[in-house]
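Notes follow the structure.
Each chain gets a letter, A, B and so on, in the order its sequence line appears, and its residues count up from 1. Remember, predicted model here, so these are calculated numbers, not experimental data.
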2 protein chains.
Amino acid sequence: MARPTVNDIAREAGVSLATVDRVLNARPGVRESTVTAVQEAITRLGYVRDIAAANLARQRQYRLVAALPDSGSQYVETLACALHDAAQTAAVARTELQILRYPAEDPHSLAALLHALPPAETEGVALMAPETPVLRDAVKALREKGIPVIAIGSDLPNTDRDHFVGIDSRAAGRTAGVLMGRFVGRGPGQILALAESMQLRDAIERRHGFDAVIQAEFPWLEVLPTLETHGSDATLRAVVTERLRHATGLRGIYVLGSGHRALAATLADLGLTGRFTIIGHELTPHTRRALQGGQIDAVITQNLGHLARSALRVLRAKADRAPIDAAQEQLRIEILIRENLPDQ
Amino acid sequence: MARPTVNDIAREAGVSLATVDRVLNARPGVRESTVTAVQEAITRLGYVRDIAAANLARQRQYRLVAALPDSGSQYVETLACALHDAAQTAAVARTELQILRYPAEDPHSLAALLHALPPAETEGVALMAPETPVLRDAVKALREKGIPVIAIGSDLPNTDRDHFVGIDSRAAGRTAGVLMGRFVGRGPGQILALAESMQLRDAIERRHGFDAVIQAEFPWLEVLPTLETHGSDATLRAVVTERLRHATGLRGIYVLGSGHRALAATLADLGLTGRFTIIGHELTPHTRRALQGGQIDAVITQNLGHLARSALRVLRAKADRAPIDAAQEQLRIEILIRENLPDQ
DNA sequence: AGATTTTTGAGGTACGCACCTCAAAAATTA
DNA sequence: TAATTTTTGAGGTGCGTACCTCAAAAATCT
């Protein structure tokens with residue numbers, strides 16, 4: 001009844017422990033027919049390797065690396081914390097995580113960082129970065145060294161990364177679109193879209209999803225061309241103020257990326273707080289407060305705690321060449337309003 | 001640099017391994033001053049017990065029990081599956097889960113089941129059951145035998161259960177209320193509320209939350225008295241048809257519990273499909289299809305996979321008398337619409 | 001001081017597995 | 001058949017911890 005062990009397999013297969021071990025760990029020097037016999041015994045008994053014991057014996061240490069931009073955005077900082085926490089908790093799983101930060105606007109320095117990683121001491125890399133040619137090369141180089149690479153938060157679809165942990169930006173945009181359409185209510189009107197930069201794939205995809213839904217289901221709404229803030233509060237204030245002067249039927253604002261803070265300030269200064277339906281992305285201390293205060297109507301996000309834990313699980317699995325549980329690793333697109341905001 | 005082991009502590013504290021072991025496992029026969037010395041060495045080195053190795057040595061097996069009603073509802077079945085899966089995956093964590101089913105309408109037989117659990121072979125119980133006096137006694141009896149008890153899905157607030165894994169029904173109802181209010185749009189109208197039974201605490205609390213929000217934020221809407229179906233499709237059809245005949249300004253339907261299926265059929269037969277905003281609870285194969293088909297507008301739910309995994313983690317922690325990570329165990333109130341429906 | 005009790009140390013075994021060595025057995029080749 | 005190669009078995013060690021025994025040392029009491 002108890003879980004079968006390697007000894008049980010040896011007995012069942014009529015071979016010695018050494019042979020079972022050779023088969024289990026894919027070591028050479030076992031006849032084909034013996035391999036089959038052992039594998040049959042394994043399935044017959046329903047043996048599953050005790051990973052805890054195996055890792056103990058093997059002195060396994062998962063040495064993982066995560067690279068994040070030092071953009072200083074709340075979102076990235078929260079993710080960094082979540083990764084750190086997940087690694088702490090995963091200490092029992094023999095996981096050691098090194099969190100690297102790279103200058104947000106400098107893909108070359110990230111690539112240099114990645115190239116400098118010691119292959120012998122790196123069993124997996126989690127990457128949050130915009131896809132650029134240099135990065136593509138860096139990822140390729142890592143994979144050629146046998147180091148698994150996963151993308152987190154934002155995908156790198158045109159690289160051969162091993163996995164992506166995060167949500168589909170297009171679907172997230174669609175979700176935002178439906179909420180916007182339903183929240184503003186029937187009747188003509190305009191939607192202002194605001195992004196840090198429309199160079200970023202995430203923003204582009206969100207906007208695509210958003211537009212598609214609005215066009216198909218809420219055709220009476222018009223989504224204005226995206227205003228770009230380039231990360232500057234002053235620019236945001238300027239472009240938004242300008243746009244508000246001309247847009248007469250504005251009913252909603254879609255914040256594709258960061259900028260919630262400056263937007264709130266700008267609207268307050270113009271005496272327009274509460275006049276528009278505002279929907280954004282990512283749960284940060286600021287968007288949380290704004291949701292609670294009613295200045296933001298909904299936030300589309302992913303659970304960064306889950307993301308972090310999932311990333312580490314996936315990296316460990318990749319390092320072990322083990323299969324991953326797709327259902328467990330699929331992140332949900334979360335809709336947060338004031339009423340379902342998680343504590344703390 | 002490597003993780004310190006018991007041997008390192010022994011050296012650091014200037015005592016033998018046996019003494020460290022006695023301190024770590026709270027065995028008697030160690031002088032107070034020595035205990036302190038060892039504990040100081042532990043904190044100084046930042047030692048954390050290797051749980052994997054400890055469990056291996058100890059031959060620890062977490063023998064857990066989950067009790068669910070055999071109501072046959074999709075929701076309970078899905079939860080049972082999720083628990084089963086979680087236990088499979090947790091096999092590496094030496095977890096053995098026995099899933100008991102009890103007749104949904106018979107709290108006494110559940111109590112009998114619980115009383116019959118062998119205390120020596122049961123390290124924790126997860127319970128999904130309505131709170132009744134017999135159940136309260138049964139929970140008390142279990143706890144007096146030293147068996148941790150947690151409530152899952154639906155809380156047992158007036159028992160001394162060790163923990164509750166699930167979401168706050170009142171907040172879930174509030175969430176449904178906000179969505180209903182915003183989705184139906186401004187202007188007077190009526191909302192039909194439908195429940196299996198208003199005896200169940202969950203339904204009561206959801207309705208409270210729903211009403212509170214509608215009253216406060218959407219006062220132009222009127223929520224009609226809850227129609228009870230008592231789990232019978234025929235009853236549902238009868239009461240809904242009757243109500244539809246009289247309610248003239250009906251704009252939304254709030255499904256507090258199960259009954260989505262029969263409701264959809266009834267509306268279809270009356271030729272009213274698509275006429276109302278429909279919001280319900282729990283993601284089941286049927287609500288999933290209905291969301292995709294546009295017959296339901298939103299579903300408020302909790303991730304049953306998370307619930308199951310969380311329940312097992314909490315039970316293991318309770319069995320070890322270890323602290324639990326509240327942030328990780330907090331389940332989110334999920335809002336699902338067609339656009340953010342998870343795959344599969 | 002001696003007798004008694006309490007505390008400590010040294011050592012062993014076990015858990016399930018990985019990884020190593022060396023010799024024996026079996027299969028293959030010449 | 002003999003020589004060679006391949007396959008297998010027996011055995012050991014160690015990972016970090018739990019738990020056990022027995023004797024020695026230290027502290028406490030009379």
Side-chain angles (χ1 to χ4, degrees), chain A residues 1-39 41-42 45-63 91-96 123 319-322, chain B residues 1-39 41-42 45-62 91-96 319-322:
Chain A
M1 278 304 98
R3 276 178 69 180
T5 74
V6 276
N7 287 289
D8 298 322
I9 301 176
R11 203 174 328 107
E12 176 79 13
V15 299
S16 78
L17 213 88
T19 302
V20 173
D21 177 68
R22 289 180 185 114
V23 174
L24 277 178
N25 297 290
R27 269 185 274 277
V30 184
R31 217 185 319 155
E32 189 63 37
S33 58
T34 319
V35 172
T36 315
V38 171
Q39 279 167 344
I42 288 176
L45 295 182
Y47 169 83
V48 270
R49 202 200 218 89
D50 184 329
I51 301 179
N55 283 347
L56 177 61
R58 190 181 300 196
Q59 282 268 77
R60 188 110 174 61
Q61 274 286 97
Y62 296 91
R63 292 196 283 198
V92 292
R94 323 188 93 76
T95 302
E96 230 173 88
E123 272 136 320
D320 286 337
R321 287 179 178 67
Chain B
M1 275 306 97
R3 275 179 69 179
T5 74
V6 276
N7 286 291
D8 298 323
I9 300 176
R11 204 176 325 109
E12 175 79 12
V15 300
S16 79
L17 214 94
T19 302
V20 173
D21 178 68
R22 289 179 186 116
V23 173
L24 277 179
N25 297 290
R27 269 184 275 277
V30 185
R31 219 186 318 154
E32 189 64 36
S33 58
T34 318
V35 173
T36 315
V38 172
Q39 279 166 345
I42 289 176
L45 294 183
Y47 169 83
V48 271
R49 201 201 218 89
D50 183 329
I51 301 180
N55 283 346
L56 177 61
R58 189 185 305 208
Q59 282 272 82
R60 187 115 176 59
Q61 274 287 97
Y62 296 91
V92 291
R94 324 190 93 76
T95 301
E96 228 173 89
D320 286 337
R321 286 179 178 69

Reported CG-to-CG distance for the pair B:N55 and B:D50, which is rounded to 0.5 angstrom: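 Atom-to-atom, B:N55:CG and B:D50:CG are 9.0 Å apart.
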Rounded to the nearest 0.5 Å, what's the gap from CD on B:E12 to OH on B:Y47? Could you check?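 B:E12 atom CD to B:Y47 atom OH measures 14.0 Å (nearest 0.5 Å).
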Pairs touching residues 24-37 of chain A that satisfy side-chain hydrogen bond (donor to acceptor under 3.5 Å, both in side chains), sequence neighbours left out: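 Residue pairs passing side-chain hydrogen bond (donor to acceptor under 3.5 Å, both in side chains), neighbours aside: A:D21-A:N25, A:D21-A:R27, A:N25-A:R49.
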When you check the phosphate oxygens OP1 and OP2 of [N], does a side-chain N or O of [X] lie under 4.0 Å from one of them?
X     : N      : value
B:T5  : D:dG16 : no
A:Q59 : D:dG16 : yes
B:T19 : C:dG9  : yes

How long is the line joining [atom1] of [X] and [atom2] of [N], in whole Å?
X     : N      : atom1 : atom2 : result
A:Q61 : D:dG16 : CD    : C1'   : 13 Å
B:E32 : C:dT7  : CD    : C1'   : 13 Å
B:I51 : D:dC15 : CD1   : C1'   : 17 Å
A:R60 : C:dG16 : CZ    : C1'   : 17 Å
A:I42 : C:dC17 : CD1   : P     : 10 Å
B:R11 : C:dG9  : CZ    : P     : 14 Å
A:L56 : D:dT13 : CG    : P     : 18 Å

If I compare all heavy atoms of B:A37 with all of B:A13, which pair ends up nearest, and what's the gap?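 Smallest interatomic distance, heavy atoms only, reads O-CB, 4.1 Å.
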Partners meeting side chain to side chain donor-acceptor pair (under 3.5 Å) with [X] (sequence neighbours left out):
X     : value
A:R58 : none
B:N7  : none
B:R60 : B:E123, B:D320

Assign a letter to each nucleotide of nucleotides 18-30 of chain C from its 5' end: B, base within under 4.0 Å of a protein heavy atom; S, sugar-phosphate only; -, no contact. BB-B---------
For B:P4, which of B:V48, B:L45, B:I9 qualifies under side chain to side chain contact (heavy atoms under 4.5 Å, CB included)?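 Filter result, single survivor: B:L45.
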Measure the angle between the two terminal helix axes of the helix from C:dA1-D:dT30 to C:dA30-D:dT1, five base pairs each, and quote it to 10°.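 End axes: 30° apart.
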I'd like to know if the side chain of A:D8 reaches the main chain of A:T5, judged simply by a donor and an acceptor atom lying under 3.5 Å from each other, with no hydrogens or angles considered.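 Judged by distance alone, yes, a pair lies under 3.5 Å.
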